[in-house]
Visitor: 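Please see the structure below; I have some questions.
The structure presented is a predicted model; accordingly, all values stated were derived computationally and were not measured.
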Amino acid sequence: MPSVLPDGEPMPEDGALPRHALDGSGQRPLGFYLHVPYCATRCGYCDFNTYTANELRGSGGALASRENYAETVAEEIRLARKVLGDDPRPVETVFVGGGTPTLLPAADLGRMLAAIRDEFGLADGAEVTTEANPESVDPRYLEELRAAGFNRVSFGMQSARQHVLKILDRTHTPGRPEACVAEARAAGFEHVNLDLIYGTPGESDDDWRASLDAVIGAGPDHVSAYALIVEEGTQLARRIRRGEVPMTDDDVHADRYLIAEEALSAAGFSWYEVSNWATDEAGRCRHNELYWRGADWWGAGPGAHSHVGGVRWWNVKHPGAYAQALAEGRSPGAGRELLSEEDRRVERILLELRLEEGCPLSLLKPAGSRAAARALQDGLLRPDAYERGWAALTLRGRLLADAVVRDLVD
């Protein structure tokens, strides 16, 4: 089942934010994340806030249906306009995630985007992305998305090997994601991402190299590669616990990461965040950069998280409860937290250290500064960046990023 929401203070029924949340907002970009919680089937490794038709049947009724969903999200976008008042910022990035957004008609995704355009306006050159499963789109669907204003698409490929896809409960066939890249290019998409997962039980180094070769041959301008995390409560966790499939260890993950770095670098990709590579700066995911740099975004949809000016909040998880709140004129927010200056300092280190340029050493307290000096001596931080006053990871540091972060936030 999907993971639980964090604790926090109650969200005001009208969604109002503290006055200070918009202080200095003109200096921060604004983005929107739109969550589509529907999936045709549940992948064995997934603990996202998503639901199949069977999981929704009898729990929320018509309010939780796909048919009403675009208008429900548009209602939250209109609420966002009321809450943010006369904030003049146009939206710079939109990211539609899930779930499988492309289970909805392309026209519905277009309606949600149109609501943002109508209420806030889109900045010139705004990045507008949707995630898509390879089996849920065809050339006509992609053409309709492009006509609706989407200019970036991210396909969940995960692997090029059938036996690996089977362990992950992915339903597309090998070769289909690569075909999707060609179809997206033909539809006019300039920016295309392929997502990969490494470390799946039963995957070999050769399997992983074959997946990387397939990705590179497909010609996207962005690749995301994530180590498989086995979340408690998932079908995959239960299979591992029963001994049906083996658990992959951290050394294997490290080896696979090095293989990815070597292959992608040789093909002209450069890393800009620990798990993300792009062919050039234009190919980077600007929406994710909002998260990593602590900018402002509104997350619309069940379970979606938002952040504006040091205030973070999250919506109720179930689609029926989410729709019910909006139908009654209430914010769907389940709770919120007001981040202290210390919270924000720690989060900057956690997130910015994962970026190529790193984080300023000035963010560190004395214990963190001493840890940074040790990390430099251990080859985990780049000497050139350190001399300029920045903590930036080396390749070895990227393999141990979580440990480095833990030391630096002290």
Visitor: Counting C-beta onward and ignoring hydrogens, is there a side-chain heavy-atom pair between L361 and W390 closer than 4.5 Å?
Guide: no
Visitor: If I compare all heavy atoms of S275 with all of R354, which pair ends up nearest, and what's the gap?
Guide: OG-NH2, 3.6 Å
Visitor: With no hydrogens and no angle check, is any side-chain donor or acceptor of T200 less than 3.5 Å from a backbone partner on E203?
Guide: no
Visitor: Strictly below 4.0 Å, N to O, side chains only: are E9 and R336 in salt-bridge contact?
Guide: yes
Visitor: Side-chain contact, heavy-atom cut-off 4.5 Å: E273 with R284?
Guide: no
Visitor: Could you give the side-chain donor-acceptor pairs of residues 398-410 under 3.5 Å, partners two or more places apart or in another chain?
Guide:
unit_1, atom_1, unit_2, atom_2, d
R398, NE, Y257, OH, 3.0
R398, NH2, Y257, OH, 3.0
R398, NH2, E261, OE1, 2.6

Visitor: Please confirm whether the backbone N or O of G309 pairs with a side-chain atom of D296, one donor and one acceptor, at under 3.5 Å?
Guide: yes
Visitor: Determine yes or no for a side-chain-to-main-chain donor-acceptor pair under 3.5 angstrom, with R89 supplying the side chain and R28 the backbone.
Guide: yes
Visitor: Would you confirm whether N133, through its side chain, and S136, through its main-chain N or O, come within 3.5 Å as a donor-acceptor pair?
Guide: no
Visitor: N276 and S224: side chain to side chain donor-acceptor pair (under 3.5 Å), yes or no, with the steps?
Guide: CA-CA 5 Å; N276 291 273; S224 299; 2.6 Å; yes
Visitor: Quick one: pull up CD1 in I259 and CH2 in W208 and give me the separation to the nearest 0.5 Å.
Guide: 9.0 Å
Visitor: Inspect the surroundings of CD in E328 and state if more than 12 heavy atoms from other residues, nucleotides or ligands are less than 6.0 Å away.
Guide: yes
Visitor: Please check this pair: side chain of R185 against backbone of G219, looking for a donor-acceptor N/O pair closer than 3.5 Å.
Guide: yes
Visitor: Side chain to side chain contact (heavy atoms under 4.5 Å, CB included) between L34 and I116: does it pass, once the steps are laid out?
Guide: CA-CA 10 Å; L34 309 180; I116 294 174; 4.0 Å; yes
Visitor: Once the angle between the rings of W313 and W298 is folded into 0 to 90°, is it parallel (under 30°), tilted (30 to 60°) or perpendicular (over 60°)?
Guide: perpendicular
Visitor: Y51 vs H318, test: ring pair (Phe, Tyr, Trp, His ring centres under 6.0 Å). Steps then yes/no.
Guide: CA-CA 9 Å; Y51 303 84; H318 195 278; 5.4 Å; yes
Visitor: Once rounded to the nearest 0.5 Å, what's the spacing between atom CE of M11 and atom OG of S331?
Guide: 4.5 Å
Visitor: Heavy-atom count around E262 CD within 6.0 Å, excluding the residue itself: above 12?
Guide: no
Visitor: For Y33 and W297, I'd like to know if the aromatic rings sit close, meaning centre-to-centre distance below 6.0 Å.
Guide: no
Visitor: Looking only at non-hydrogen atoms, find the nearest pair between A392 and E356 and report the distance.
Guide: CB-O, 3.7 Å
Visitor: Check the pair L113 / L122 against side chain to side chain contact (heavy atoms under 4.5 Å, CB included), numbers first and verdict last.
Guide: CA-CA 9 Å; L113 178 59; L122 293 174; 4.1 Å; yes
Visitor: Would you confirm whether H307, through its side chain, and A295, through its main-chain N or O, come within 3.5 Å as a donor-acceptor pair?
Guide: yes
Visitor: Taking all atoms of both residues into account, what is the closest heavy-atom pair of E76 and A300, and its distance?
Guide: OE1-CA, 3.1 Å
Visitor: For R78 and E75: C-alpha separation, side-chain torsions, deciding distance, then whether salt bridge (charged side-chain N to carboxylate O under 4.0 Å, His left out) applies.
Guide: CA-CA 5 Å; R78 290 189 282 270; E75 190 60 36; 2.9 Å; yes
Visitor: Is a donor on one side and an acceptor on the other found under 3.5 Å between the side chain of E127 and the backbone of R286?
Guide: yes
Visitor: Less than 4.5 Å apart, any side-chain heavy atom of P177 and any of H172?
Guide: yes
Visitor: Between R345 and I349, does a side chain to side chain contact (heavy atoms under 4.5 Å, CB included) hold up when you go through it step by step?
Guide: CA-CA 7 Å; R345 181 192 76 86; I349 298 170; 3.4 Å; yes
Visitor: So does D124 have more than 12 non-hydrogen atoms from other groups sitting under 6.0 Å from CG?
Guide: no
Visitor: Under a plain distance cut-off of 3.5 Å, with no hydrogens placed, do Y226 and H253 share a side-chain donor-acceptor pair?
Guide: no
Visitor: Any sub-3.5 Å donor-acceptor pair from R176's side-chain atoms to P134's backbone N or O?
Guide: yes
Visitor: Where is the tightest heavy-atom contact between I77 and E119, given as atom of each residue plus distance?
Guide: CG2-CG, 4.2 Å
Visitor: Does the side chain to side chain donor-acceptor pair (under 3.5 Å) test come out yes or no for H305 and Y291, once each step is laid out?
Guide: CA-CA 11 Å; H305 288 232; Y291 301 153; over 6 Å; no
Visitor: Between E337 (side chain) and L339 (backbone), is there a donor-acceptor pair under 3.5 Å?
Guide: no
Visitor: Report yes or no: do T171 and E135 form a side-chain donor-acceptor pair below 3.5 Å?
Guide: yes
Visitor: What distance do L290 atom CG and C285 atom SG have between them, rounded to the nearest 0.5 Å?
Guide: 8.5 Å
Visitor: Looking at CG of D86 and CG of L22, how far apart are the two atoms once the value is rounded to the nearest 0.5 Å?
Guide: 8.5 Å
Visitor: Quick check: closest heavy atoms across P18 and V311, and the distance to 0.1 Å?
Guide: CD-CG2, 3.9 Å
Visitor: Indicate yes or no: at least one non-hydrogen side-chain atom of E289 is less than 4.5 angstrom from one of Y272.
Guide: yes
Visitor: Mind checking whether F32 and F120 have ring centres under 6.0 Å apart?
Guide: yes
Visitor: Kindly determine whether H163 and D207 satisfy side chain to side chain contact (heavy atoms under 4.5 Å, CB included), including the steps that lead there.
Guide: CA-CA 10 Å; H163 70 278; D207 292 332; 3.0 Å; yes
Visitor: Report the distance from atom CG of L142 to atom SG of C180, rounding to the nearest 0.5 Å.
Guide: 6.5 Å
Visitor: Does the side chain of T394 reach to within under 4.5 Å of the side chain of R382, using non-hydrogen atoms?
Guide: yes
Visitor: Does the plane of the ring in Y322 sit parallel, tilted or perpendicular to the ring in Y69? Use 30° and 60° as the thresholds.
Guide: tilted
Visitor: Walk me through it: do R293 and E357 pass the test salt bridge (charged side-chain N to carboxylate O under 4.0 Å, His left out)?
Guide: CA-CA 12 Å; R293 300 183 191 282; E357 60 267 35; 2.6 Å; yes
Visitor: Less than 4.5 Å apart, side chain to side chain, heavy atoms only: is that true for T129 and V94?
Guide: no
Visitor: In a check of side chain to side chain contact (heavy atoms under 4.5 Å, CB included) between V153 and each of N193, V192, V96, T102, which one passes?
Guide: V192
Visitor: Where is the tightest heavy-atom contact between L355 and W292, given as atom of each residue plus distance?
Guide: CD2-CE3, 3.6 Å
Visitor: Measure the shortest side-chain to side-chain distance between S204 and R209 over non-hydrogen atoms and say whether it is less than 4.5 angstrom.
Guide: no
Visitor: At what distance, to the nearest 0.5 angstrom, does CG of L30 lie from OG of S25?
Guide: 8.5 Å
Visitor: Between the main-chain N or O of G299 and the side-chain N or O of S306, is there a donor-acceptor pair closer than 3.5 Å?
Guide: yes
Visitor: Quick one: does D343's side chain get under 4.5 Å of L338's, heavy atoms only?
Guide: no
